[in-house]
**Student:** 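I am attaching a structure below and will ask some questions about it afterwards.
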Amino acid sequence: QVQLVESGGGLVQAGGSLRLSCAASGSIFSISAMGWYRQAPGKQRELVAEVFSTGNTNYADSVKGRFTISRDVAKNTVYLQMNSLKPEDGAVYYCNAQVVSSFPRVTRVYWGQGTQVTVSS
C-alpha cells in the first residue's frame with residue numbers, strides 16, 4: 001500500500017505565494033510521475049502540473065509562468081511552488097502519483113487527501 005500526504009495549503013492574499021508538498025510512502029519500487037490536480041466547487045478536477053521520472057514537466061496553461069513543480073526523488077516528494085496567486089487559483093489541491101509497487105510489481109495511481117488553497121482578492 002502507498003500513502004500520499006500533502007501539506008502547505010492555506011489562505012493567502014492575491015499576489016501571494018504558497019508552497020505545497022506531497023510525500024509518498026509505503027511499498028514503492030519506483031514512481032513514474034507525480035503531479036498536482038485541483039478542484040474548485042462545481043468544477044471538474046483539472047491537472048495543474050506534473051513531473052515525470054525523466055524530469056520533464058507539464059503545466060496547465062493557466063499556471064504557466066507562475067507555478068513551478070519539482071521533485072525530490074530520494075524523498076519521494078513533489079513540491080508545487082505557487083506564485084502570483086489569483087482568486088481563481090483557489091481550490092482543493094490533490095497530489096497524484098503513478099507508483100510501481102514493490103510487490104506485486106504493478107503500477108497504480110494514488111491520490112492524496114487534498115489540501116485547501118484559498119486566495120482572497
**Student:** I'd like to know if the side chain of Ser32 reaches the main chain of Gln98, judged simply by a donor and an acceptor atom lying under 3.5 Å from each other, with no hydrogens or angles considered.
**Tutor:** yes
**Student:** So, taking the atom named OG in Ser101 and the one named CZ in Arg108, what distance separates them when rounded to the nearest 0.5 Å?
**Tutor:** 5.5 Å
**Student:** Taking ILVMFWY side chains as joined if any heavy atoms are under 4.5 angstrom apart, and letting links pass through other members, which residues group with Phe29?
**Tutor:** Val100
**Student:** Would you sort out whether Met82 and Leu20 count as a side-chain contact (heavy atoms from CB on, under 4.5 Å), showing the intermediate values?
**Tutor:** CA-CA 8 Å; Met82 305 185 293; Leu20 305 182; 3.8 Å; yes
**Student:** To the nearest 0.5 angstrom, please state how far the CG atom of Leu85 sits from the CZ atom of Arg66.
**Tutor:** 6.5 Å
**Student:** Taking all non-hydrogen atoms of both residues, which atom of Arg71 and which atom of Val51 are closest, and how far apart?
**Tutor:** CB-CG1, 3.9 Å
**Student:** Which pairs of donor and acceptor atoms, one on a side chain in residues 109-121, lie under 3.5 Å apart (sequence neighbours left out)?
**Tutor:**
from	atom 1	to	atom 2	distance (Å)
Thr115	OG1	Gly9	N	3.3
Gln116	NE2	Ala91	O	3.4

**Student:** Is there a side-chain contact between Thr68 and Tyr79 in this structure, where contact means two heavy atoms from C-beta onward sitting under 4.5 Å apart?
**Tutor:** no
**Student:** Report the residue from Asn76, Ile28, Ile31 that forms a side-chain contact (heavy atoms from CB on, under 4.5 Å) with Val2.
**Tutor:** Ile28
**Student:** Looking only at heavy atoms, what is the nearest atom pair of Ser21 and Trp36, with distance?
**Tutor:** O-CH2, 3.5 Å
**Student:** Should Leu80 and Val12 be counted in the same cluster of Ile, Leu, Val, Met, Phe, Trp and Tyr side chains packed under 4.5 Å apart?
**Tutor:** yes
**Student:** Are the side chains of Arg38 and Val63 in touch, meaning some heavy atoms are under 4.5 Å apart?
**Tutor:** yes
**Student:** Any idea which heavy atoms bring Ser17 and Ser84 closest together, and the distance?
**Tutor:** OG-N, 4.4 Å
**Student:** Over all heavy atoms of both residues, which pair between Gln3 and Gln1 is shortest? Give the atoms and the distance, please.
**Tutor:** NE2-CG, 3.5 Å
**Student:** To check you understand the geometry: which heavy-atom pair defines the closest contact between Val78 and Cys95, and what is its length?
**Tutor:** CG1-SG, 3.9 Å
**Student:** Same hydrophobic cluster for Phe67 and Met34, using side-chain heavy-atom links shorter than 4.5 Å among ILVMFWY?
**Tutor:** yes
**Student:** Taking NZ, NE, NH1 and NH2 as the nitrogens, is one of them in Lys86 or Asp89 under 4.0 Å from a carboxylate oxygen of the other?
**Tutor:** no
**Student:** Does one hydrophobic cluster hold both Tyr93 and Tyr37, with members joined at side-chain heavy-atom distances below 4.5 Å?
**Tutor:** no
**Student:** Could you work out, with ring pair (Phe, Tyr, Trp, His ring centres under 6.0 Å) as the rule, every residue matching Tyr94, not counting sequence neighbours?
**Tutor:** none
